[in-house]
Amino acid sequence: MTDNTLLNDLQGRGLIAQHSGDIDTLAEHLQPPRTLYCGFDPTADSLHIGHLVPLLMLKRFQLAGHRPVALIGGATGMIGDPSFKATERSLNTAETVDRWIQSISHQLSHFINTDKTNNAALIANNGDWMAGMDIMSFLRDIGKHFSVNAMINKESVRQRIERPDQGISFTEFSYSLLQSYDFTELNRRYDCTLQIGGNDQWGNITAGIDLTRRLNQQSVFGITLPLITKADGTKFGKTESGAIWLDPHKTSPYGFYQFWLNTADADVYRFLRYYTFLSLKEIQQIEQDDQQRAQKPEAQRILAEQMTRLVHGDCALEQAQRISSALFSGQVEDLNQAEFQQLEQDGLPCCEVSLPMTLTDLLVSSDLASSRRQAREFIAAGAVQLNGVTATDADQAITQAVALHQRFVLLRRGKKQFTLACLNQS
RNA sequence: GGUGGGGUUCCCGAGUGGCCAAAGGGAUCAGACUGUAAAUCUGACGCGCGAGCUUCGGUGGUUCGAAUCCACCCCCCACCA
């Protein structure tokens, strides 16, 4: 074991998948303050929970006294990282990427402290140095240090090279050079000596370490974080409706809270270690308590609370919990009008509907069913609840009399899908 | 530019003139069991109450009838220049 508190904690959490060099050298190097970075390519208008582990890792380093740099891939995002991607991706326009850079940099600043402390975080953009680079400098000064022989042997591009039905363009193949140069440039500008990233970034990170040694004569380090897996083998971070975003307009705090609440028992203690700032000791205690109780575990609730508070704040957490308890307790008729309106504001999926309309129509217009046929099937299967009561008649007319407070119809399809339909008064 | 291989319903993938709304698998959804878990079992899975209608890269054509045949076009991949 090393005598570095931060590294010990990270190892205990299982947050270190690979690291360059030997652990003692790394531990010795990591005496604060050091500068480290992690890259985030703009591939959408928001970060999602897949980005959260490295982002929180930056925060862990900052809390330990180091200076984090969140690097936005303004340049690399224009290219597309081929690492472990099965197929070539289509390019996004510069305007689109620019828009995404804006929203992502805004999000990043919520997680790492950029206030003027002595280890204030920086948010940088590799477009700043890549945009001005000319092709000759790129090929002569950077490209010369890379061996194509070595590049094609990397595991990260193997399937693109070996699979008979797939290829890789020069554009994507060059990605690794750009990311490598980022490390060198950040080392030059900010004395950055550590890059962290997902385990799929290992190849890119080691390439950056090599390039920095050659161009700057500096020895720098890399740490990769584990790929987040689920015990049942399905992909983490995706639900039927897509990725779990950090942007509350794309994934509501309620949906975010529910996502974590639904974590499988087999994953939940691991996720507490990966994602929360609870100490290892506290997490161990939670696990012990759950085992002794031998009932429904508390860990999911704690995880959901921690994460929703961390990403969306106390107020949003409260709202998410309020919706959750109202919906899953089944006591909807007890809610008063103001509380219904609150649910609407808190991010429960809602729809406005105009009468007259049957229950079947209502399910379709509320998006709980994709077609009338499907709506009928749900009703026939007993999967639909109307204000907490199982519905049986597909042709039931929706009227103000059915609605609570003459206006609200809470629909439930299956166990977890809720939509609040608000009747139009017209 | 040349040669070869491809583009099928969310994904993979079978289908080479009628028996095809299209095998099989995956994903997803629902029901039962539960803890808003897991595992398991059952069912649904283009649209329509239905007769039926609209799909198999695009456009035309052949045919009583086309995802399947023909022509042209678009796109992807591999190899060679």
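Chain letters run A, B, ... following the sequence lines, proteins first and then strands; every chain starts at 1.
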S.K.: Could you give the distance separating B:U42 and B:G24 at their P atoms, to the nearest angstrom?
M.R.: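 The same atom, P, in both gives a distance of 15 Å.
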S.K.: OP1 or OP2 of B:C49 sitting under 4.0 Å from any side-chain N/O of A:Arg372?
M.R.: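 Yes.
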S.K.: Quantified in whole Å, what is the P atom distance between nucleotide B:G57 and nucleotide B:U9?
M.R.: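 To the nearest whole Å, 8 Å.
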S.K.: So which protein nitrogen or oxygen atoms get under 3.5 Å of nucleotides 36-42 of chain B's nitrogens or oxygens?
M.R.:
unit_1: B:U36; atom_1: O2'; unit_2: A:Asn262; atom_2: OD1; d: 2.7
unit_1: B:U36; atom_1: O2; unit_2: A:Gln258; atom_2: OE1; d: 2.8
unit_1: B:U36; atom_1: N3; unit_2: A:Gln258; atom_2: OE1; d: 2.8
unit_1: B:U36; atom_1: N3; unit_2: A:Gln258; atom_2: NE2; d: 3.2
unit_1: B:U36; atom_1: O4; unit_2: A:Gln258; atom_2: NE2; d: 3.3
unit_1: B:A37; atom_1: OP1; unit_2: A:Lys416; atom_2: NZ; d: 2.7

S.K.: Can you tell me how far C1' in B:A21 sits from the matching atom in B:A67, rounded to whole Å?
M.R.: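 Each nucleotide's C1' atom is 11 Å from the other's.
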S.K.: A:Tyr175: which residues meet the side-chain hydrogen bond (donor to acceptor under 3.5 Å, both in side chains) condition with it, sequence neighbours left out?
M.R.: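 With sequence neighbours excluded, A:Tyr175 shows a side-chain hydrogen bond (donor to acceptor under 3.5 Å, both in side chains) to A:Asp41, given in chain and number order.
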S.K.: Please state whether the rings of A:His48 and A:His51 are parallel, tilted or perpendicular, taking 30° and 60° as the class boundaries.
M.R.: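 Ring orientation of A:His48 relative to A:His51: tilted.
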S.K.: Under 4.0 Å from OP1 or OP2 of B:G46: is there any side-chain N or O of A:Ser371 that close?
M.R.: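 For B:G46, neither OP1 nor OP2 has a side-chain N or O of A:Ser371 closer than 4.0 Å.
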S.K.: Using the C1' atom as the reference point in each nucleotide, state the distance between B:C45 and B:U68 in Å, no decimals.
M.R.: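 Straight-line distance between the two C1' atoms is 25 Å.
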S.K.: Verify whether one side chain among A:Gln195 and A:Gln201 offers a donor that lies under 3.5 Å from an acceptor in the other.
M.R.: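 No, no side-chain donor-acceptor pair sits under 3.5 Å.
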S.K.: Output the rounded distance in Å from CG (A:Leu359) to C1' (B:C49).
M.R.: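 These atoms are roughly 15 Å apart.
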S.K.: Can you tell me which nucleotide in B:A30, B:C49, B:C45 comes closest to the side chain of A:Ala383?
M.R.: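 From the listed options, B:A30 comes nearest.
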S.K.: Given the P atoms of B:G60 and B:G52, what is the spacing between them in whole Å?
M.R.: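 B:G60 and B:G52 have their P atoms separated by 27 Å.
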S.K.: Would you tabulate the side-chain donor-acceptor contacts of residues 378-389 of chain A under 3.5 Å, counting partners in other chains and residues two or more places apart, or write 'none'?
M.R.:
unit_1: A:Asn387; atom_1: OD1; unit_2: A:Leu410; atom_2: N; d: 2.8
unit_1: A:Asn387; atom_1: ND2; unit_2: A:Val402; atom_2: O; d: 3.2

S.K.: Identify the residue among A:Asp290, A:Asp265, A:Asp267 that makes a side-chain hydrogen bond (donor to acceptor under 3.5 Å, both in side chains) with A:Gln300.
M.R.: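 Per the side-chain hydrogen bond (donor to acceptor under 3.5 Å, both in side chains) rule, the option paired with A:Gln300 is A:Asp265, out of A:Asp290, A:Asp265, A:Asp267.
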S.K.: Mind checking A:Ala266 for me? I need base, sugar-phosphate or nothing, with any heavy atom below 4.0 Å counting as a touch.
M.R.: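 Since no nucleic acid heavy atom lies under 4.0 Å of A:Ala266, the category is nothing.
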S.K.: Send over the distance from A:Gln374 CD to B:U9 C1', rounded to a whole Å.
M.R.: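 Whole-Å distance recorded here is 15 Å.
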S.K.: Provide the distance between the two P atoms, one in B:A78 and one in B:C73, to the nearest whole Å.
M.R.: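 23 Å, rounded to whole Å.
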S.K.: Paired with B:U3 by Watson-Crick or G-U wobble geometry, both distances under 3.5 Å: which nucleotide is it?
M.R.: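 Result: B:A78.
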S.K.: When A:His312 is tested against each of A:Phe256, A:Tyr254, A:Trp260 for ring-ring contact (aromatic ring centres under 6.0 Å, His included), which residue passes?
M.R.: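 Answer after filtering A:Phe256, A:Tyr254, A:Trp260: A:Phe256.
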S.K.: Separation of A:Gln417 atom CD from B:U28 atom P, in whole Å?
M.R.: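 Value for this atom pair: 13 Å.
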S.K.: Which one is paired to B:G24, where only Watson-Crick or G-U wobble pairs with both distances under 3.5 angstrom count?
M.R.: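 Base partner found: B:C12.
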S.K.: So which nucleotide does B:A51 pair with, by the Watson-Crick or G-U wobble rule with both distances under 3.5 Å?
M.R.: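 B:A51 is paired with nothing.
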S.K.: Quick one: A:Leu368 CG to B:U28 P, roughly how many Å, whole number?
M.R.: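 Rounded to the whole Å, the gap is 19 Å.
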S.K.: Is the shortest distance from a Lys or Arg side-chain nitrogen in A:Glu95 or A:Arg99 to a carboxylate oxygen in the other one below 4.0 Å?
M.R.: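 The answer is no: the pair does not qualify as a salt bridge.
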S.K.: On the 0 to 90° scale, with breaks at 30° and 60°, tag the A:Phe408-A:Phe340 ring pair as parallel, tilted or perpendicular.
M.R.: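 A:Phe408 vs A:Phe340 ring planes: parallel.
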S.K.: In this structure, how many angstroms lie between the P atom of B:G50 and the CG atom of A:Asp395, rounded?
M.R.: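 Spelled out: CG on A:Asp395 to P on B:G50 is 12 Å.
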S.K.: Between B:C74 and B:A23, how far is it from one C1' atom to the other, in whole Å?
M.R.: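 That atom pair is separated by 30 Å.
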S.K.: Got a salt bridge between A:Arg214 and A:Asp210, using NZ or NE/NH1/NH2 to carboxylate O under 4.0 Å?
M.R.: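 No, this pair does not count.
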S.K.: State whether the distance check finds a donor on one side and an acceptor on the other, under 3.5 Å, for side chain A:Arg373 versus base B:G48.
M.R.: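 It does, because a donor-acceptor pair links the side chain of A:Arg373 to the base of B:G48 below 3.5 Å.
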S.K.: Could you let me know what B:C41 is paired to, Watson-Crick or G-U wobble, both distances under 3.5 Å, or none if it's on its own?
M.R.: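 The answer is B:G31, by the H-bond criterion.
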S.K.: For A:Pro297 and for A:Phe378, locate the closest nucleotide of RNA chain B by heavy-atom distance; then report the residue assigned to the nucleotide nearer the 5' terminus.
M.R.: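 Whichever sits nearer the 5' end wins; that is A:Phe378.
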S.K.: Give me the distance, rounded to whole Å, that separates B:U62 from B:G13 when you measure between the P atoms they each carry.
M.R.: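 Rounded to whole Å, the distance is 34 Å.
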S.K.: For B:U36, which nucleotide is its Watson-Crick or G-U wobble mate, given both distances must be under 3.5 Å?
M.R.: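 None - no nucleotide pairs with B:U36, as no candidate has both distances under 3.5 Å.
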S.K.: Output the rounded distance in Å from CZ (A:Phe236) to P (B:A27).
M.R.: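 In whole Å, B:A27 P and A:Phe236 CZ are 19 Å from each other.
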